Amino acid sequence: MKRPADDLPQDDVSVLRELEPTVAANLDRHVSMAQEWFPHQYVPWSRGDDFDGPLRGRPWTSEQSELPAHVRSALVLSLLTEDNLPSYHTELITELGREGAWGAWAHRWTAEEDRHSTVLRDYLHVTRAVDPVALERQRMQHMSIGYTREYPGSVIHGIAYVMVQEQATRVAHRNTGRISGDPVCERLLARIAADENLHMVFYRDLLAAAFDRYPDRTMHALNDVVRAFRMPGHGAPGLRSAARSIAVSGILDRNVLLVEILQPLLRSLRVFERTDLTDQGEAGRERLEQHLEKQRVMIERSAHWRAERGAKPARAAAVEA
C-alpha cells in the first residue's frame, strides 16, 4: 500500500497506519448514511435571466439583490472558501496518501464538497444576489493564493482542526439560512449543512479513536487547535468587513463558536471526563479550560457593556473565516 511522502515524521506514519481501520469503518458508515442529492434541484432557475455581455442580457445592479447584506457577505465568504477545494484536496492527499481507506475518504470528501460551490454559485447568479463580475474576480484572487493546511506534519492536529472546521461550517450555513428571508436559500443551506454534519461526525469519531490511542498527544492537539482556531477562508478578499458583518448578525461570532461549535464537540469527546491523561496531558487540558473560561468572560463583558448602553443584543468578536 502506498503511503504519503517519505518526509513525513515516522510517528505520523504510525498514526496513519494505526487509525486506518477506524477510517475504513467510518467511511463505510458515512457512505451508508449520506444521501445522494443534485445541486440543480435546489436552484430557482425560473428566477434567472441573461446577464450583459455576449448574451446581451440585463446588467447586474445592487437593487436586484433581495438578500440582507450580512447574508450576502456570509454566502460569498462561504463560496470563496469552497472554491479553494483543489488546494484542500492537494493538502489532504499530500498528508494522507492516495490509496487505502485514507485516500478513499479524501476522494469521497472532495466529491461531496464540490457540490457545495456548484449550488452556491448557481443560486447567487440566478437570484442576482451579488455582483457576478466582482464575485469572479474574488474567486480568481483567492484561488491564485491557494491554501496551506494549518498544522503540516501532525495528523492528529489536522483531524482536530477539520473536526472543528466542519462543525463551524455546518452551524454557519444553518444560521445563514435561518435569517436569509428566502425559503429557497434556507433549504439549500440546510442541505449543505447536512453534508457538513456527516463530515464532522467522521472526524469527531476519528479524533475519539486518537484520544483512546494517544490521549496526551490528542489533548495537546485539540488545545492547540481550539486556542488558535480560524476558518480556512481566512485569506479571502474582503475578509475583515465580511467577518464583522457575519459576527454582528449572529451567524458566527465568539459566542456561537463557544456555545454551538466547541462545547458540543468537547462534550461528545468527554474531554473533561477523561482519566487516562498523564501530567503532560492534564497540563494541556488545563490550558484548554482556561482558554474557554477566558472566552466566557469576554462574552459576558461584551453583553454587559452593550446592555448598559441599551445596544442591541451582544454579538461578540468576529471569528476569522
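Worth saying up front: this structure is predicted, and the values here are computed from it rather than measured.
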Could you list who else is in L55's hydrophobic cluster, with ILVMFWY side chains joined at under 4.5 Å, directly or through other members? none

Once you round to the nearest 0.5 Å, how far does CE of M200 lie from CD of Q165? 11.5 Å

Any heavy-atom pair between the side chains of W109 and L27 that's under 4.5 Å? no

If we ignore hydrogens and angles and just use 3.5 Å, is the side chain of S245 paired with the main-chain N or O of S241 as donor and acceptor? no

Regarding Y214 and D11, do their side chains bring together a donor and an acceptor under 3.5 Å, going by distance alone? no

Taking side chain as C-beta onward, heavy atoms only, is M231 less than 4.5 Å from T81? no

Nearest 0.5 Å, what's the CD-CZ distance between Q280 and R217? 12.0 Å

Main chain of I246, side chain of S249: is a donor-acceptor contact present, judged purely on distance under 3.5 Å? yes

Any side-chain to backbone donor/acceptor pair from R72 onto L67? Under 3.5 Å, distance only. yes

When rounded to the nearest 0.5 angstrom, what distance separates OG in S154 from NE2 in H220? 12.0 Å

Shortest non-hydrogen contact between L277 and M219, atoms and distance: CD1-CE, 3.7 Å

Write out all pairs satisfying ring pair (Phe, Tyr, Trp, His ring centres under 6.0 Å) with one or both partners inside residues 13-61, taking only residues at least two apart or from two chains. H30-W105, H30-H199, W37-Y42

Quick one: are H173 and H116 in side-chain contact, heavy atoms under 4.5 Å? no

Scan residues 77-94 for pairs that pass salt bridge (charged side-chain N to carboxylate O under 4.0 Å, His left out), counting only residues two or more places apart or in two chains. D83-R121, E91-R149

Salt bridge (charged side-chain N to carboxylate O under 4.0 Å, His left out) partners of E293, counting only residues at least two apart: R296

What ring pair (Phe, Tyr, Trp, His ring centres under 6.0 Å) pairs are there with at least one residue in residues 135-168, not counting sequence neighbours? Y88-Y147, Y151-H157, Y161-F229

Is it true that a side-chain atom of S117 and a backbone atom of D114 form a donor plus acceptor pair closer than 3.5 Å? yes

Flag the pair R187 and D182 as a salt bridge only when some basic side-chain nitrogen lies within less than 4.0 angstrom of an acidic carboxylate oxygen. no

So, the side chain of E20 versus the backbone of A101: is there a donor-acceptor pair under 3.5 Å, distance only? yes

Hey, are the side chains of V119 and R191 touching, using non-hydrogen atoms and a 4.5 Å cut-off? no

Would you say the side-chain atoms of S65 pair up with the backbone N or O of S62, donor to acceptor, closer than 3.5 Å? no

Under 3.5 Å donor-acceptor, Q141 side chain and A236 backbone: no

Test log, rule side-chain contact (heavy atoms from CB on, under 4.5 Å), inputs D50 and R56: CA-CA 7 Å; D50 295 340; R56 299 180 180 180; over 6 Å; no

Spacing of L266 atom CG and L292 atom CG [to the nearest 0.5 Å]: 6.0 Å

Find out if a path of hydrophobic residues (ILVMFWY) with successive side-chain heavy-atom gaps under 4.5 Å connects F272 to L222. yes

Co-members of the apolar cluster containing V133 [side chain, <4.5 Å]: none

Does any N or O in the side chain of S78 come within less than 3.5 Å of the main-chain N or O of A74, such that one atom is a donor and the other an acceptor? yes

Can you list everything that forms a salt bridge (charged side-chain N to carboxylate O under 4.0 Å, His left out) with R270? Sequence neighbours excluded, please. E273

Could you list the residues that satisfy side chain to side chain contact (heavy atoms under 4.5 Å, CB included) with T22, not counting sequence neighbours? N26, L206, A209, R213

Tell me who clusters with V297, hydrophobic residues only, linked when side chains sit under 4.5 Å apart either directly or through other members. none

Can you confirm whether V171 sits close enough to L252 that some side-chain heavy atom of one is under 4.5 Å from a side-chain heavy atom of the other? no

Residue pairs passing the salt bridge (charged side-chain N to carboxylate O under 4.0 Å, His left out) test where at least one lies in residues 150-159, sequence neighbours excluded: E150-R230

What pair of heavy atoms forms the shortest contact from A106 to I93, and how long is it? CB-CD1, 3.8 Å

Salt bridge (charged side-chain N to carboxylate O under 4.0 Å, His left out) involving D122 - partner list, sequence neighbours excluded: none

Of all residues at least two apart in sequence or in a different chain, which pass the salt bridge (charged side-chain N to carboxylate O under 4.0 Å, His left out) check with R285? E282

Shortest non-hydrogen contact from A172 toward I251: O-CG2, 3.7 Å

Interatomic distance, CG@L135 vs CG@L79, rounded to 0.5 Å, equals 5.5 Å

On a heavy-atom basis, the closest approach of G177 and L189 is N-CD1, 3.5 Å

Using a distance-only test with no angle check, is there a side-chain donor-acceptor pair under 3.5 angstrom linking R287 and Q290? no

Closest approach of V71 and T176, non-hydrogen atoms and distance? CG1-CG2, 4.0 Å

